[in-house]
Amino acid sequence: MFRTKRTGLVRRLWRSRAPVEGDGEADTRTHGSGGCCMGKSTKVAGKTSAGTEAELKALTHSILKKIKEKQLEGLLQAVESKGGARSPCLLLPSKVDTKLGQQSYSLPLLLYKVFRWSDLRHCSELKRLSCCESYGKINPELVCCNPHHMSRLCELESPPPPYSRYPMDFLKPPDSQALQESGDRSHWCVVAYWEEKTRVGRLYSVQEPSLDIFYDLPQGNGFCLGQLSSDNKSPLVQMVRTKIGYGIQLSREPDGVWAYNRSCYPIFIKSATLDNPDSRTLLVHKVFPGFSIKAFDFEKADSLQRPNDHEFTQQPRTGFTVQISFVKGWGQCYTRQFISSCPCWLEVIFNNR
């Protein structure tokens, strides 16, 4: 009975492995046509040969069969729910290497490749989520190998594509009553949900280190947009609502505030601290599913000085904002020139004290 259950778990996990591009099942929304944020295309190997596939299956099965049954159940929960269900850490030895053909992989990297990103080349492309037990630990003996406790990093070394470029004059400062309305000065940010030009529901005050914002998430804990009452009957708004799904996670970390796209569709972010300090325009950055981006940097925000930027020269320290649109972008490359034309979007107002 023990072997039968373990074997069943291993088989279910293998069936739930990440598809390889070229096998007809890969989710192209993860990569898009231009990579994440900056327009770089990710080189993805084509479909593996039958021999390599057989070797990968044998190697994966041999690894999984050495893992405790309870750990297999937690991994299966994470993989089958695609990160939607809260799943425990999968703590395994960090310094164990595996070999597939002529290529060596660390144990965490191999499991991340098999169960989430088949095109992953190195762990440096990843960022660990703050909810993970291994977050912030340097060279631990045991490291979490749960692929849904990780995210892909958006790279911004080169200028991103101009999803949106427009003069700073178009920026609308946040309403000064917004922070008062939250009614709590101990928060680190408040979140407003908008549908086109109409704000829906009250401001959501955030005190915990991280916040999940979602529309429909089993066992969800956080800001549920699906529970808000909206009178908007626009077909586009209703369509985008259905695509928000697991939504995003905002987390305040030592180096800033990170946004993790948990949904199956891109999100679009505009933040002053993502751009070159000398720029007179703000870009809108496209973030694909499974990717994280540092949405806001408190230290950088304090040092920003733009002569004609009313958002920074006339607003109090509590007035910094980030705008995030679900599914639909805005700017010169779109029919929507302003975020207020987007179907479903968020305004995150930071308490930058």
Side-chain angles (χ1 to χ4, degrees), residues 1-33 35-36 41-85 87-126 128 132 134 142-153 264 288-291:
M1 179 64 67
F2 175 79
R3 280 192 171 185
T4 301
K5 182 175 181 180
R6 178 184 295 275
T7 300
L9 291 171
V10 170
R11 288 177 177 174
R12 284 176 62 186
L13 278 164
W14 179 251
R15 289 196 298 267
S16 301
R17 68 190 183 280
V20 177
E21 188 166 310
D23 65 4
E25 298 179 7
D27 188 350
T28 56
R29 291 172 302 187
T30 301
H31 307 289
S33 59
C36 181
S41 59
T42 303
K43 293 183 179 179
V44 182
K47 186 175 181 180
T48 57
S49 65
T52 303
E53 179 75 5
E55 291 174 7
L56 179 61
K57 180 177 180 180
L59 177 60
T60 303
H61 275 62
S62 68
I63 292 172
L64 295 178
K65 287 178 179 179
K66 297 176 184 177
I67 298 176
K68 295 178 181 178
E69 190 173 287
K70 187 174 181 180
Q71 290 180 306
L72 288 176
E73 291 175 343
L75 177 60
L76 183 64
Q77 181 185 35
V79 171
E80 289 190 336
S81 70
K82 300 186 184 301
S87 55
C89 287
L90 176 62
L91 295 175
L92 298 175
S94 61
K95 298 179 181 179
V96 174
D97 288 336
T98 58
K99 195 166 185 179
L100 181 63
Q102 300 299 316
Q103 187 71 41
S104 294
Y105 298 99
S106 66
L107 181 56
L109 179 60
L110 181 70
L111 293 179
Y112 300 153
K113 283 176 66 69
V114 171
F115 293 111
R116 193 147 189 211
W117 298 290
S118 60
D119 66 320
L120 186 64
R121 295 164 295 182
H122 195 275
C123 282
S124 62
E125 301 172 29
L126 300 176
R128 191 171 296 279
C132 182
S134 297
L142 298 178
V143 65
C144 177
C145 298
N146 186 329
H148 288 279
H149 285 188
M150 307 296 291
S151 64
R152 296 289 287 267
L153 274 171
C264 294
F288 286 99
F291 280 75

### Message
For the CD1 atom of Ile63 and the CG atom of Leu92, what is their distance to the nearest 0.5 Å?
### Response
9.0 Å
#### Entry: Any Arg128 side-chain heavy atom under 4.5 Å of Cys144 side chain
yes
#### Entry: Heavy-atom closest pair, residues Met150 and Leu126
CE-CB, 3.7 Å
### Single hit among Cys132, Ser94, Cys89 for side chain to side chain contact (heavy atoms under 4.5 Å, CB included) with Val143
Ser94
### Query
Is there a side-chain contact between Phe291 and Leu153, using heavy atoms and a 4.5 Å cut-off?
no
### Query
Any side-chain heavy-atom pair from Leu56 and Trp14 closer than 4.5 angstrom?
yes
#### Entry: Residue pair Ser134, Leu142: steps toward the side-chain contact (heavy atoms from CB on, under 4.5 Å) verdict
CA-CA 8 Å; Ser134 297; Leu142 298 178; over 6 Å; no
#### Entry: Atom pair OG1 (Thr52) and CD (Gln103), whose distance is rounded to the nearest 0.5 Å
11.5 Å
### Query
Would a distance-only check, ignoring hydrogens and angles, find a side-chain to backbone donor-acceptor pair under 3.5 Å from Lys113 to Ser118?
yes
### Message
Going by the rule salt bridge (charged side-chain N to carboxylate O under 4.0 Å, His left out), which residues pair with Arg11 if we only count those two or more places apart in sequence or in a different chain?
### Response
none
### Message
If you define the side chain from C-beta out and look only at heavy atoms, does anything of Leu110 sit under 4.5 Å from Leu59?
### Response
yes
### Leu75 to Phe115 - nearest heavy-atom pair and separation
CD2-CE1, 4.3 Å
### Task
Check whether any side-chain heavy atom of Glu80 lies under 4.5 Å from a side-chain heavy atom of Arg12, and answer yes or no.
yes
## Note on the structure
Between the OH atom in Tyr112 and the OG atom in Ser106, the distance rounded to the nearest 0.5 Å is 8.0 Å
### Task
Output the distance between atom CG (Asn146) and atom CZ (Arg116), rounded to the nearest 0.5 Å.
9.0 Å
### Query
Would you say His122's side chain and Leu109's backbone share a donor-acceptor pair under 3.5 angstrom?
no
### Task
State, yes or no, whether a side-chain contact exists between Leu64 and Leu13 at a heavy-atom distance under 4.5 Å.
yes
### Main-chain N/O of Tyr105 paired with Thr98 side-chain donor or acceptor, under 3.5 Å
yes
#### Entry: Residues Lys5 and Glu73 bridged, charged N to O under 4.0 Å
yes
### Distance, nearest 0.5 Å, that separates CG of Leu9 from NZ of Lys70
14.0 Å
### Task
Take Lys57 and Glu53, measure what salt bridge (Lys or Arg N to Asp or Glu O under 4.0 Å) needs, and give me the verdict at the end.
CA-CA 6 Å; Lys57 180 177 180 180; Glu53 179 75 5; over 6 Å; no
### Message
Between Ser87 (side chain only) and Gln77 (backbone N and O only), is there a donor and an acceptor less than 3.5 Å apart?
### Response
no
### Task
For residues Thr60 and Val10, determine if any side-chain heavy atom of one lies less than 4.5 Å from a side-chain heavy atom of the other.
no
### Message
Is the shortest side-chain heavy-atom distance between Glu125 and Trp117 below 4.5 Å?
### Response
no
### Task
Report yes or no: does Arg17 contribute a side-chain atom to a donor-acceptor pair with the main-chain N or O of Val114 at less than 3.5 Å?
no
### Query
So, the side chain of Arg6 versus the backbone of Ile67: is there a donor-acceptor pair under 3.5 Å, distance only?
yes
